[in-house]
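All values below come from the heavy atoms of this structure, side chains included, with hydrogens, waters and symmetry mates left out.
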Amino acid sequence: MKNIIFIGPPGAGKGTQAELICKNYGIKQISTGDILRANVAQMTPLGISAKSFMEKGKLVPDEIIIKMIKEEITKPENSNGILFDGFPRTIPQAIALDNMMVELGMNLDRVLLLEVPDEEIILRLSGRRICRTCQRTFHIVFNPPPDPKECDRGVCDIYQREDDKEETIMKRLAVYHDQTSPLIDYYESKGKLVRINGVGSLESIYDLITKAIQNN
Ligand code: AMP
């Protein structure tokens, strides 16, 4: 069983790499951002309380996120191992996760830090586009969206995430440096952290990640 945490600024490529890792190791990805977006789309009580924070690029309050993770972590389909993508994002979230893991007898294997400079993040996120139908991610310059009819599941419906607009990107980066980067020291002092250079080809980054997981 492997339990892994992915830390890194928004747009570092956590989601893309997480998918590959989960396939390879047979573990489940828990992306707090994806769960929140699904709740916003369905206008659930959770989605309604999270929406305004997300649109402003702010973090959703810790109590809401911790409650959500508590529900996810105990689902039977996650018993083979979990890759946490986008969680924890604050020290209180990390402490809550530590406590949950002790309670459930789970072990944290690795914390992978995907490092990407701010300038590169701005370039990546401002050009990011997503297909509503197949959920694939594109970039207007580096990986342009296909002809709409070539969608895996029907017709591509390309949109830009509300929080990928320029001023919100700057806000999210500031939030990352302010509230999430303290986790680097937190996990480094526990001997769990591995730094991964997040600039390069998808394959070369994936290679670094698998080595980091195997050297556990
Ligand atoms: P992401 O897709 O991971 O970039 O998350 C999108 C947005 O969801 C963030 O900007 C936050 O508003 C919210 N969010 C996702 N994960 C968390 C978390 N662990 N703690 C607080 N807010 C979160």
Side-chain angles (χ1 to χ4, degrees), residues 5-23 27-78 82-90 93 96-97 114 121-122 124-140 142-176 179-180:
I5 292 175
F6 241 147
I7 301 181
K14 301 186 294 292
T16 312
Q17 294 291 344
E19 232 173 83
L20 297 173
I21 295 165
C22 288
K23 242 184 228 159
I27 60 176
K28 288 283 181 190
Q29 175 183 3
I30 295 184
S31 160
T32 41
D34 284 351
I35 299 172
L36 290 168
R37 276 185 290 280
N39 277 276
V40 170
Q42 287 158 26
M43 295 204 299
T44 66
L46 168 63
I48 291 166
S49 44
K51 188 170 190 262
S52 66
F53 295 101
M54 295 172 76
E55 279 176 357
K56 291 186 201 115
K58 291 184 177 174
L59 292 185
V60 174
D62 287 337
E63 320 78 82
I64 298 181
I65 298 290
I66 292 166
K67 184 166 173 270
M68 195 175 101
I69 286 288
K70 264 191 185 142
E71 282 165 20
E72 285 297 320
I73 208 172
T74 47
K75 285 186 180 167
E77 66 261 35
N78 294 329
I82 297 175
L83 192 153
F84 294 94
D85 164 15
F87 174 88
R89 282 250 235 302
T90 63
Q93 290 182 17
L97 179 63
L114 261 189
I121 292 294
I122 295 163
R124 287 187 191 180
L125 288 185
S126 56
R128 178 160 78 174
R129 298 292 182 273
I130 299 164
C131 170
R132 259 197 200 93
T133 320
C134 66
Q135 304 303 327
R136 278 185 302 170
T137 301
F138 302 96
H139 189 281
I140 48 173
F142 309 130
N143 177 23
D147 183 302
K149 289 189 229 63
E150 282 171 29
C151 182
D152 286 357
R153 298 200 202 144
V155 177
C156 264
D157 177 11
I158 301 294
Y159 77 105
Q160 181 178 34
R161 263 171 59 170
E162 196 52 46
D163 59 355
D164 279 347
K165 308 258 162 80
E166 184 110 16
E167 66 280 12
T168 318
I169 295 172
M170 303 310 284
K171 175 77 191 161
R172 287 163 70 204
L173 268 174
V175 166
Y176 174 74
Q179 300 189 55
T180 305

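- Taking each heavy atom of I121 and A12 in turn, the nearest pair found is CD1-N, 3.9 Å.
- The CD1 atom of I66 lies 9.5 Å from the CD1 atom of I69; values are rounded to the nearest 0.5 Å.
- For the pair M54 and K51, the minimum side-chain heavy-atom distance is 4.5 Å or more.
- In this structure, CD in Q179 is found 7.0 Å from OG1 in T90, a value given to the nearest 0.5 Å.
- Here salt bridge (charged side-chain N to carboxylate O under 4.0 Å, His left out) pairs that include residues 12-23, with residues two or more places apart or in two chains, number zero.
- Rounding to the nearest 0.5 angstrom, the gap separating the CZ atom in F6 from the CG atom in L114 is 4.5 Å.
- Note that CG of L46 is 6.0 Å distant from CE of M68, once rounded to the nearest 0.5 Å.
- Counting heavy-atom neighbours within 6.0 Å of E77 CD, excluding the residue itself, gives a total above 12.
- Residue pairs meeting the salt bridge (charged side-chain N to carboxylate O under 4.0 Å, His left out) criterion with at least one member in residues 38-48: none, sequence neighbours excluded.
- Closest of all the heavy-atom pairs between N143 and F138 is O-CB, 3.1 Å.
- Between R124 and D164, no side-chain nitrogen of the basic residue sits less than 4.0 Å from a carboxylate oxygen of the acidic one, so the salt-bridge criterion is not met.
- Heavy-atom minimum distance, E55 versus T168: O-CG2, 3.6 Å.
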Checklist line | side-chain contact (heavy atoms from CB on, under 4.5 Å) assessment of I21 paired with Q29 | finding: CA-CA 9 Å; I21 295 165; Q29 175 183 3; over 6 Å; no
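- Aromatic ring pairs are classed by plane angle as parallel below 30°, tilted from 30° to 60° and perpendicular above 60°; the pair H139 and F142 is parallel.
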Next item on the list: Start with the C-alpha distance between L97 and I5, add both sets of side-chain angles, then the distance that settles side-chain contact (heavy atoms from CB on, under 4.5 Å), and finish with yes or no.
Entry: CA-CA 11 Å; L97 179 63; I5 292 175; 3.6 Å; yes
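- In summary, the side chains of N39 and T44 do present a donor paired with an acceptor at a separation below 3.5 Å, with no hydrogens or angles considered.
- In terms of heavy-atom proximity, I158 sits nearest to P145 at CD1-CB, 3.7 Å.
- Residue K165 places its NZ atom among more than 12 non-hydrogen atoms of other residues, nucleotides or ligands, all under 6.0 Å distant.
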Notebook entry, point to check: Passes side-chain contact (heavy atoms from CB on, under 4.5 Å), K70 versus T74? Steps please.
Noted result: CA-CA 7 Å; K70 264 191 185 142; T74 47; over 6 Å; no
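- With hydrogens and angles disregarded, a donor-acceptor distance shorter than 3.5 Å links the side chain of T32 to the backbone of G86.
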Notebook entry, point to check: Between E71 and K67, does a side-chain contact (heavy atoms from CB on, under 4.5 Å) hold up when you go through it step by step?
Noted result: CA-CA 7 Å; E71 282 165 20; K67 184 166 173 270; 4.0 Å; yes
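- Between L59 and F53, the shortest heavy-atom distance links the atoms O-CD2, 3.6 Å.
- Although no hydrogens or angles enter the test, the distance criterion places no donor-acceptor pair under 3.5 Å between the side chain of R172 and the main chain of P10.
- In this structure, OG1 on T137 lies 8.5 Å from CZ on R161, to the nearest 0.5 angstrom.
- Taken to the nearest 0.5 Å, the CD1 atom of I7 stands 6.5 Å off from the OH atom of Y176.
- With sequence neighbours excluded, the residues forming a side chain to side chain contact (heavy atoms under 4.5 Å, CB included) with D157 are R132, T133, listed by chain and number.
- Nearest approach of S126 to I169, heavy atoms of both residues: N-CD1, 3.6 Å.
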